[in-house]
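Every chain is numbered from 1, with letters handed out A, B, ... down the list of sequences.
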Amino acid sequence: MNTLVPLSFFLIVSTIMFFVGIWGFIIRRNLITILMSVELILNAVNLNFVVFNRILFPGHFQGMFFSLFIVAIAAAEASVAIAIIINIYRRFSTIEVDNVSEMKN
Amino acid sequence: MGLTTNIWMFLLFSAIIIVFSFFTIFSRRILRAAVSLLFVLVSTAGLYFMMDYQFMAGVQLTLYAGGIVVLIIFSILLTSTINQKFEKPSSKYLILGGITAVFGAGISIYTILNHPFSTSTESEIPSTMKEIGVQLLNTGVNGYALPFEVISILLLAAMIAAIVIAKKII
């Protein structure tokens, strides 16, 4: 237990990953890269939950179960998002968000 | 493993995570971005292994690195041409996003470094697969059967939704 790296190191790494994800979310105009930014953000949150659980509350598994459920939700979200992206590509022949401005034609 | 080894491993993994997160959002070829995302997710699994959470690391590897990245790569192959490069992001969004990210990260890191985290004094429980399985399917105290079932319903709904949405309209 004493051989573990301090908590704040992990938190700094996950903070940087989170805000890089937000930056990508803002600058990218392609639906798939936006989805990848969302995955980065979710991954940073997962890391936070697991680290808090492991270092601050080693007598429980709450953070780890939260992370497990977040991973499951991320999988569900990615599958639905990709179905929508493929549908959009079929209809508009592009997946740039600027060109996809109407939901029904 | 001693503390020094742990710190070196941690530095290696976190360097990979940070560098490849930047590659993920700044790479102008979409397939390279997806592969960088894969590196980020695998190094996160390495951090979980460092913390002795083998089950969580396995889930991260199979579901995230194995499942989601493959799904993303499939959709890239279906919707984009490989050699196409993105345009550079407009500098207005680049600067706005940069200010947002740096500002937010600065505030968060400042708070993290100044907050006194206090460790709970409970005794540590081993993160064995048996303990995890018992807690995951338990309905009493420390039981997570209800969210487990809710997640399974959600996964079923998402699967049906994905099939219905992607179905070819005849």
Would you mind checking which part of A:L7 comes under 4.5 Å of any heavy atom in chain B, side chain (CB onward), backbone (N, CA, C, O), both or neither? side chain
Quick one: what part of B:F22 sits under 4.5 Å from any heavy atom of chain A, side chain, backbone, both or neither? both
Contact class of A:F18 relative to chain B, heavy atoms under 4.5 angstrom: neither
Which one, B:V150, B:T100, B:L136, leads in non-hydrogen pairs under 4.5 Å with chain A? B:L136
Less than 4.5 Å to any heavy atom of chain A: does that hold for the side chain of B:L71, its backbone, both, or neither? both
Could you work out, with side chain to side chain contact (heavy atoms under 4.5 Å, CB included) as the rule, every residue matching A:I95, not counting sequence neighbours? A:N30, A:L31, A:I32, A:I85, A:Y89, B:T79, B:S80
Is chain A contacted by the side chain of B:I76, its backbone, both, or neither, given a heavy-atom distance below 4.5 Å? both
Could you check whether A:R54 makes a cation-pi contact with A:F49, meaning its NZ or CZ is under 6.0 Å from the centre of the six-membered ring and within 45° of the ring axis? no
Pick one of side chain, backbone, both or neither for A:Q62, based on which atoms fall under 4.5 Å of a heavy atom in chain B. both
A:T33 side chain to A:R29 main-chain N or O, any donor-acceptor pair under 3.5 Å? no
Engaged part of A:I82 at the chain B interface, taking heavy atoms whose separation is under 4.5 Å: side chain
Please classify the contact between A:L68 and chain B as side chain, backbone, both or neither, with a heavy-atom cut-off of under 4.5 Å. both
May I have the step-by-step check of side-chain contact (heavy atoms from CB on, under 4.5 Å) for B:I25 and A:L40, ending in yes or no? CA-CA 10 Å; B:I25 66 162; A:L40 271 183; 4.3 Å; yes
Ring geometry between B:F26 and A:W23 (parallel below 30°, tilted from 30 to 60°, perpendicular above 60°): perpendicular
Contacting region of A:F69 [heavy-atom separation from chain B under 4.5 Å]: both
Considering only residues two or more places apart or on different chains, which pairs with a residue in residues 140-161 of chain B satisfy side-chain hydrogen bond (donor to acceptor under 3.5 Å, both in side chains)? none
Atom group of B:L94 that falls short of 4.5 Å from chain A, counting heavy atoms: both
Mind checking whether B:F23 and B:L37 have side chains closer than 4.5 Å, heavy atoms only? no
Is chain B contacted by the side chain of A:F9, its backbone, both, or neither, given a heavy-atom distance below 4.5 Å? both
Within one Ile-Leu-Val-Met-Phe-Trp-Tyr cluster: A:I84 and B:L78, side-chain cutoff 4.5 Å: yes
Identify which part of A:S79 has an atom lying under 4.5 Å from any heavy atom of chain B, answering side chain, backbone, both or neither. both
Just by distance, no angles: are the side chains of B:Q60 and A:N43 close enough, under 3.5 Å, to form a donor-acceptor pair? yes
